[in-house]
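For reference, the structure is listed below as structure tokens.
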Amino acid sequence: MVIIKSPEEIQKIRKCCKIAAEILYELENKIKPGIRTIELEKFSEELAIRNKVRPAFKGYNGFPFGLCVSVNNEVVHGMPSKRALKEGDIVSLDYGVYNDEYYGDAAITVPVGKVADESLRLVQITKECLYQGISESKEGNRLGDISEAIQRHAERAGFSVVRDFVGHGIGKSLHEDPQIPNYGIRGRGILLKIGMVFAIEPMVNEGTYKVKILKDNWTVVTEDGRNSAHFEHSVAITENGPEILSTLN
Ligand code: MG
């Protein structure tokens, strides 16, 4: 069941999302060759305390960290570790905030130092896929319009979209209905209504769309070992069209 949110509820989600966006911005500024991914986790913990919020992912289904850090061929749900980032890596940071009974969720992919043109193109196209999906998030459209726009943009660029992990509704739960696949058919799926709030999150692969999960039971990697990028915004459907909640200020 897709839950319609009141303006008061959206305000609470907006607050979580703004803080998630601020924390991601601070983390992005720390990214440089040599930094260990666990240092990013530690910094995110400090920022959560400073903002008086709870990291949403910590303890979620037993995930031990507040921040997901997914490097290169890692798609999502990568775990912070002693691994140091290297020049030429691309790193995805996914962060969720819980506060006052509501959630906010956002993700970015950041180049580490100077990276290959193809990696930069993957990052850029994935970000564009997110905005293509957001632009379809309006009253009267269908869920498939979001999915199809994301898939079309990724595949037109020669990339593929992950099938096994999807975007989601967000509110009093981190993951609510509907599931929002990054592939689909225009005109299909539920009708979009004012008050729906979605976390839209294209995961785009350089090569095959197929993924597998590592023995840690969390880290999702591409089956062919090629790179993957990930961007996410939480978006409210309003009478004025889509409102991106997870932006700064
Ligand atoms: Mg999400």
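Position 1 is the first residue of the sequence, and the numbers go up from there. Both ligands and their constituent atoms are indexed starting at 1 by order of listing.
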Residues clustering with L191 (ILVMFWY side chains joined when closer than 4.5 Å, directly or via others) = none
inquiry  = Any side-chain to backbone donor/acceptor pair from N141 onto E136? Under 3.5 Å, distance only.
reply    = yes
key: Test log, rule side-chain contact (heavy atoms from CB on, under 4.5 Å), inputs M203 and V161   = CA-CA 6 Å; M203 293 153 239; V161 290; over 6 Å; no
note = Sequence neighbours excluded, the answer for ring pair (Phe, Tyr, Trp, His ring centres under 6.0 Å) partners of Y209 is none
message = Short of 2.8 Å from the Mg ion (ligand 1), name each protein N/O/S atom, waters not counted.
response = D105 OD2, H168 NE2, E201 OE2, E232 OE2
request  = Apply the ring-ring contact (aromatic ring centres under 6.0 Å, His included) test between H175 and each candidate in Y60, F198, Y103; give the one that qualifies.
outcome  = Y60
Results of salt bridge (Lys or Arg N to Asp or Glu O under 4.0 Å) for R50 - residues two or more places apart only = none
